[in-house]
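Structure first, then comments.
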Amino acid sequence: MGGDSVVEENERNNGGGEAEEKPRTRHKGKHDKEKPWDDPSIDHWKIEKFDPSWNESGMLEVSTFSTLFPQYREKYLQECWPIVKGALKEYGIACELNLVEGSMTVSTTRKTRDPYIIVKSRDLIKLLSRSVPAPQAIKVLNDEMQCDIIKIGGLVRNKGRLEKRKNHLIGPNSSTLKALEILTGCYILVQGNTVAAMGSFKGLKQVRKVVEDCILNKMHPVYSIKILMMRRELAKDPTLANENWDRFLPRFKKKNVKQKKVKTKEKKVYTPFPPPQPPSKIDLQLESGEYFLSDQMKQAKKWHDKQEKQAEKIAESKKRREAGFVPPEEPKKQSNAHTDNKTNVADLALSLKKKTKDFGMRESAEKLDAADYIAVPDTTSSKKKSKRSRTS
C-alpha cells in the first residue's frame, strides 16, 4: 500500500509539472554578472591621472633604462640636466648623466608609485638624445602625451636622395612641417636619420604615415596635407560619421619624370703589354743632333730660339695694339641699294619719254577729224525724191 501511494504522488507531481511548465531563464554564471564599468556614461578611452593611493606599497623591483647621446649634445645636456632631474624627482625617478661613456640612465626608487612612469622616463632621455629641447621633452611625462621616434636612415640607400626628401618634408622656411604640426596636433623634429614626434596616438599614427610616404617617395607631403585637411572637414559632418570617405578624397597619380642619362665612358681594349715608354730628354737630343754640339753652340742655339719667341710675341702684341686703330669696313649693301634706286628711276623716266614720243607720232600719222564721225543730213537725195513725186 505504501508503494502505491508513492507512485500516485509522483504521477500527481509530474502531471502538475507538465501543466504548470514555464520557459526557463538562463542562469548567469559568475563571469556573466554585471560589472561596475559596464556603464554607457563611462568613457573608456579617457586616460585618468594616476593617483599615488592606487599603489601605496611602491615598486618591488628596480627598473633601469639607459641610452647613448651624440657628442654635440653633451654641452646642452650639462646645462639643462638640473631641469630634467627636478622634473623626474616629482615622480620618484632617479637619473644620471655619464659624460665619460656618453649615456643617460633613469631608474625607479622606493618613492616611485606609478609603474608606467619609468617607460615615460625612457622616452624622455630618448627625445633628449635626438635633439629635442628639454622643456618640450619633459611634456612626455604627462599621461596625455606620447612620443614616437621614426627611423628614416635605412629607408633610402642614397644619402643625396635622403637629404632631398627630408627637405621636401621640412619645406621652405619649415612651412610644410608647421602645417603637419597644426593638422596632426603633434610636435615634429627632423634630425639626422630620425624624426621625433610628440602628441596623441592618433596624431602620431598620421605623422608616421606621412613621413614614411615622403621618404619612400610614395606621396609628396603637400598631397598628404591636402588629404588631412579634407578629412578634418569631413569629420565635422555628423551624417558622414559612419560612411566611407574614399570617394571624397583626391587620388594623386605619380608622374614619371625623365632622368638625365649618365654618360658612360667607352672602355679601352685590354692589352697585356704595357704602353711604350716615352722618349727621354737625352733621346730627343740624340734624334735632333743637339747632344753632340758643344756648350758654346748649345748656348747660341738657345739664345737664337729665345730671340725668335720674343719676336713672335712682339709682333702679336703690336698687331693687338694696332687693331684698335683699324677703321671698320663700310657697309656695301646700303650703297648698292642706293645705286639700284637711281638706275630704276632713270629707266622709268626713259620709258615714259619713249611712250609719249610714240603717242605723238601716232597722232600726227592718223590726223583724226571729229567732223568725219558726225552724221549730216543729205540734201541731194531729198531733191531727187521731190522730182519723182512731181512726174508721177
Side-chain angles (χ1 to χ4, degrees), residues 37 39-51 54 65 67 83-84 87-88 90-91 93 106 113-152 155 166 169-171 174-191 194-216 218-219 221-238 240-246 248-249:
W37 53 82
D39 190 359
S41 62
I42 297 170
D43 186 8
H44 297 287
W45 293 101
K46 186 181 177 182
I47 301 170
E48 295 183 6
K49 193 174 180 181
F50 181 78
D51 189 1
W54 296 347
F65 290 103
T67 185
I83 303 167
V84 177
L88 290 171
E90 293 178 6
Y91 297 95
I93 297 291
V106 289
R113 294 292 177 266
D114 187 358
Y116 193 69
I117 197 67
I118 187 65
V119 179
K120 293 271 190 178
S121 305
R122 179 202 65 184
D123 294 341
L124 169 62
I125 58 175
K126 275 188 178 180
L127 290 169
L128 287 171
S129 65
R130 295 316 309 150
S131 299
V132 177
Q136 179 66 34
I138 288 168
K139 292 179 184 177
V140 82
L141 297 174
N142 300 330
D143 292 334
E144 300 85 12
M145 188 70 71
Q146 312 298 328
C147 80
D148 188 13
I149 295 172
I150 307 157
K151 295 179 181 178
I152 58 174
L155 298 177
K166 275 167 63 179
L169 186 62
I170 295 165
S174 302
S175 58
T176 310
L177 206 63
K178 286 174 186 174
L180 275 174
E181 286 180 350
I182 292 164
L183 289 168
T184 57
C186 297
Y187 170 83
I188 306 167
L189 178 71
V190 182
Q191 173 68 23
T194 57
V195 177
M198 292 174 63
S200 62
F201 285 114
K202 185 180 177 182
L204 292 175
K205 190 178 178 182
Q206 290 173 343
V207 170
R208 178 173 276 275
K209 187 177 185 306
V210 172
V211 170
E212 287 180 351
D213 286 352
C214 175
I215 301 300
L216 293 170
K218 288 182 180 178
M219 188 181 288
V222 173
Y223 298 144
S224 301
I225 288 167
K226 285 184 180 179
I227 291 168
L228 288 172
M229 288 172 71
M230 293 192 75
R231 282 183 182 278
R232 176 184 272 193
E233 293 298 321
L234 290 166
K236 293 177 183 178
D237 192 355
L240 301 171
N242 298 322
E243 291 188 21
N244 191 5
W245 292 350
D246 289 344
F248 301 109
L249 299 175

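These figures come from a predicted structure and were not determined experimentally. Basis for what follows: all heavy atoms, side chains included, without hydrogens, waters or symmetry-related copies.
Counting heavy atoms from C-beta outward, V207 and L180 have side chains that stay 4.5 Å or more apart. Contact annotation: the side chain of I152 approaches that of K166 to within less than 4.5 Å [non-hydrogen atoms, C-beta and beyond].
Rounding to the nearest 0.5 Å gives a distance of 13.5 Å between OH of Y91 and CD1 of I118. Here CE of M219 is found 4.0 Å from CD1 of I227. Values are rounded to the nearest 0.5 Å. Note that CG of L183 and CZ of R231 are 12.0 Å apart. Values are rounded to the nearest 0.5 Å.
Contact between C147 and M198 at its shortest, heavy atoms only, is CB-CG, 4.1 Å. Summarising the geometry of D143 relative to F50, their closest heavy-atom pair is OD2-N, 3.6 Å, with the distance given to 0.1 Å. Smallest separation of non-hydrogen atoms from G203 and C186: C-SG, 3.4 Å.
Under the side-chain contact (heavy atoms from CB on, under 4.5 Å) criterion, K209 pairs with D213, sequence neighbours left out. Remark: D39 engages S41 in a side-chain hydrogen bond (donor to acceptor under 3.5 Å, both in side chains) (not counting sequence neighbours). Checked against ring-ring contact (aromatic ring centres under 6.0 Å, His included), F248 has no partners two or more places apart in sequence or in another chain. Residues passing the salt bridge (charged side-chain N to carboxylate O under 4.0 Å, His left out) test with R208, sequence neighbours excluded: D148, E212. The salt bridge (charged side-chain N to carboxylate O under 4.0 Å, His left out) search around E233 returns K236, not counting sequence neighbours. In this structure, the side-chain contact (heavy atoms from CB on, under 4.5 Å) partners of D237, at least two apart in sequence or on a different chain, are T239, L240. With sequence neighbours excluded, the residues forming a side-chain contact (heavy atoms from CB on, under 4.5 Å) with N244 are D246, listed by chain and number.
Within the structure, no pair that satisfies the side-chain hydrogen bond (donor to acceptor under 3.5 Å, both in side chains) test touches residues 175-188, not counting sequence neighbours.
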Going through the distances and angles, do I225 and V210 end up as a side chain to side chain contact (heavy atoms under 4.5 Å, CB included)?
CA-CA 9 Å; I225 288 167; V210 172; over 6 Å; no

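The environment of CZ in F65 is crowded: more than 12 heavy-atom neighbours from other residues, nucleotides or ligands sit within 6.0 Å.
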Without placing hydrogens or testing angles, list every side-chain donor-acceptor pair under 3.5 Å for residues 119-135, not counting sequence neighbours.
residue: K120; atom: NZ; partner: V140; partner atom: O; Å: 3.3
residue: K120; atom: NZ; partner: N142; partner atom: O; Å: 2.8
residue: K120; atom: NZ; partner: M145; partner atom: O; Å: 2.5
residue: S121; atom: OG; partner: I117; partner atom: O; Å: 2.8
residue: S129; atom: OG; partner: I125; partner atom: O; Å: 3.4
residue: S129; atom: OG; partner: K126; partner atom: O; Å: 2.7
residue: R130; atom: NE; partner: T194; partner atom: OG1; Å: 2.8
residue: R130; atom: NH2; partner: Q191; partner atom: O; Å: 3.3
residue: R130; atom: NH2; partner: T194; partner atom: OG1; Å: 3.2

